[in-house]
Protein chains: 2
Amino acid sequence: MQALWVHTALMARIDVSGIGGFIREQRDQAQMSVRQLAKAAEVSNPYLSQVERGLRKPSAEILSRIAQGLRISAETLYVRAGILAQREGDEVVTTSIASDSTLTERQRATLLQIYAAFQSENQAQVTPREDEES
Amino acid sequence: MQALWVHTALMARIDVSGIGGFIREQRDQAQMSVRQLAKAAEVSNPYLSQVERGLRKPSAEILSRIAQGLRISAETLYVRAGILAQREGDEVVTTSIASDSTLTERQRATLLQIYAAFQSENQAQVTPREDEES
DNA sequence: CCAAAGTGCTTGCATTTGCAAACGCAGGTG
DNA sequence: CACCTGCGTTTGCAAATGCAAGCACTTTGG
């Protein structure tokens with residue numbers, strides 16, 4: 001059985017097996033053993049093993065530790081776990097700019113304006129693919 | 001029992017009482033009772049009460065449900081909980097721009113350039129206005 | 001040939017989460 | 001007065017997290 005979404009009235013449910021597979025994937029890719037990652041993440045190796053196979057539903061703290069051990073952002077892992085919603089790319093940019101306290105109000109507005117301009121500019125072209133033009 | 005911030009070699013530790021106070025703050029501001037928020041978040045009201053007073057350390061799932069009930073972003077709550085590291089404002093902006101696939105390479109560079117210009121512009125004036133609740 | 005060290009996994013167990021069922025207290029309403 | 005409805009909280013208790021200890025297997029190598 002695959003990554004089952006329990007899907008009650010609520011939409012925030014942790015995708016247990018999905019996150020496990022993703023972690024194992026990342027660990028394999030990094031050529032680490034279970035024990036190695038466990039040590040780096042400061043989690044016990046049996047527990048990490050169980051998490052990877054979807055037998056356990058790790059807490060937020062454990063998840064962030066594993067993320068650190070894997071050197072990936074906790075947000076990435078949380079999105080995979082279904083804990084954080086996957087935000088659209090533009091949403092990330094606009095909210096991050098909007099909440100950047102190091103900018104003045106004018107600067108924020110300017111940046112957002114430019115960004116919006118770029119967005120609509122690209123909207124005009126059909127954008128058949130997200131190709132990397134040189 | 002207090003707001004202990006364990007701070008081992010790892011930096012990711014959950015600030016129990018801090019998150020509780022923040023939740024209660026948000027709930028009061030929204031003029032909701034414990035039971036109302038509990039129902040909206042699909043969490044039991046006694047448990048929510050305990051979380052707010054820092055007696056319990058809610059899991060990631062519960063936290064995201066509460067965030068939904070409060071209509072605030074889960075990320076905000078997670079940052080408050082110390083689960084997600086508070087990224088520096090500029091870091092968020094630059095990385096989000098850099099990874100925005102809806103932009104062309106030129107547009108990305110332009111935005112980052114403008115942003116950097118703003119940053120150094122503000123660097124001149126000293127403004128360490130870091131207001132924390134005191 | 002068999003110790004030593006590596007891999008991942010299973011098994012018990014202390015600790016914790018999270019909830020249902022209460023409790024004590026206010027404020028209306030009949 | 002009793003009766004209800006809502007508030008936040010306390011109290012057990014089932015269920016889950018997360019770990020230490022140990023298992024079975026493979027590889028190294030003296």
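Lettering follows sequence order; numbering is per chain, from 1.
If you take CD of Q36(A) and P of dG8(C), they are 8 Å apart, rounded to a whole angstrom. With rounding to whole Å, N45(B) atom CG is found 18 Å from dT17(C) atom P. Atom C1' of nucleotide dA16(D) and atom CD of E61(B) are separated by 12 Å, given to the nearest angstrom. Rounded to a whole Å, the CD atom of E52(B) is 15 Å from the C1' atom of dG18(C). Between the CD1 atom of I23(A) and the P atom of dG18(D) there is a distance of 12 Å, rounded to whole Å. We find that CG of L48(B) is positioned 9 Å from P of dG8(D), with the value rounded to whole Å. dA20(D) atom P lies 13 Å from atom NZ of K39(A), rounded to whole Å.
Of the listed residues (T110(B), T102(B), I97(B), I114(B)), just one forms a side chain to side chain contact (heavy atoms under 4.5 Å, CB included) with Y115(A), and that residue is T102(B).
With hydrogens and angles ignored, the 3.5 Å screen pairs a side-chain donor or acceptor of Y78(A) with a backbone N or O of A60(A). In terms of modelled atom types and a separation under 3.5 Å, the side chain of E25(B) and the main chain of F22(B) share no donor-acceptor contact. With hydrogens and angles ignored, the 3.5 Å screen pairs no side-chain donor or acceptor of R24(B) with any backbone N or O of R53(B). In this structure, E52(B) contributes its side chain and S49(B) its backbone to no donor-acceptor pair below 3.5 Å. Panel note: side chain R65(A), backbone E42(A); a donor-acceptor pair is recorded below 3.5 Å.
Between L48(A) and I62(A) there is no side-chain heavy-atom pair separated by less than 4.5 Å.
Checked by atom type, the side-chain pair Q107(A)/N122(B) shows a donor-acceptor distance below 3.5 Å.
With dG18(D), dT17(C), dT17(D) as the choices, the nucleotide that has an atom nearest any side-chain atom of S59(B) turns out to be dT17(C). For R24(B), counting side-chain heavy atoms from C-beta on, the closest listed nucleotide (dC19(C), dG18(D), dG8(D)) is dG8(D).
At a non-hydrogen distance threshold of 4.0 Å, R35(A) from residues 27-35 of chain A come into contact with DNA chain D.
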Enumerate the protein-to-nucleotides 10-12 of chain C contacts in which both atoms are nitrogen or oxygen and the separation is below 3.5 Å.
from: dT10(C); atom 1: OP2; to: R53(A); atom 2: NH1; distance (Å): 2.5
from: dT10(C); atom 1: OP2; to: R53(A); atom 2: NH2; distance (Å): 3.2

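The two residues M32(A) and A40(A) have their closest heavy-atom pair at CE-CB, 4.4 Å.
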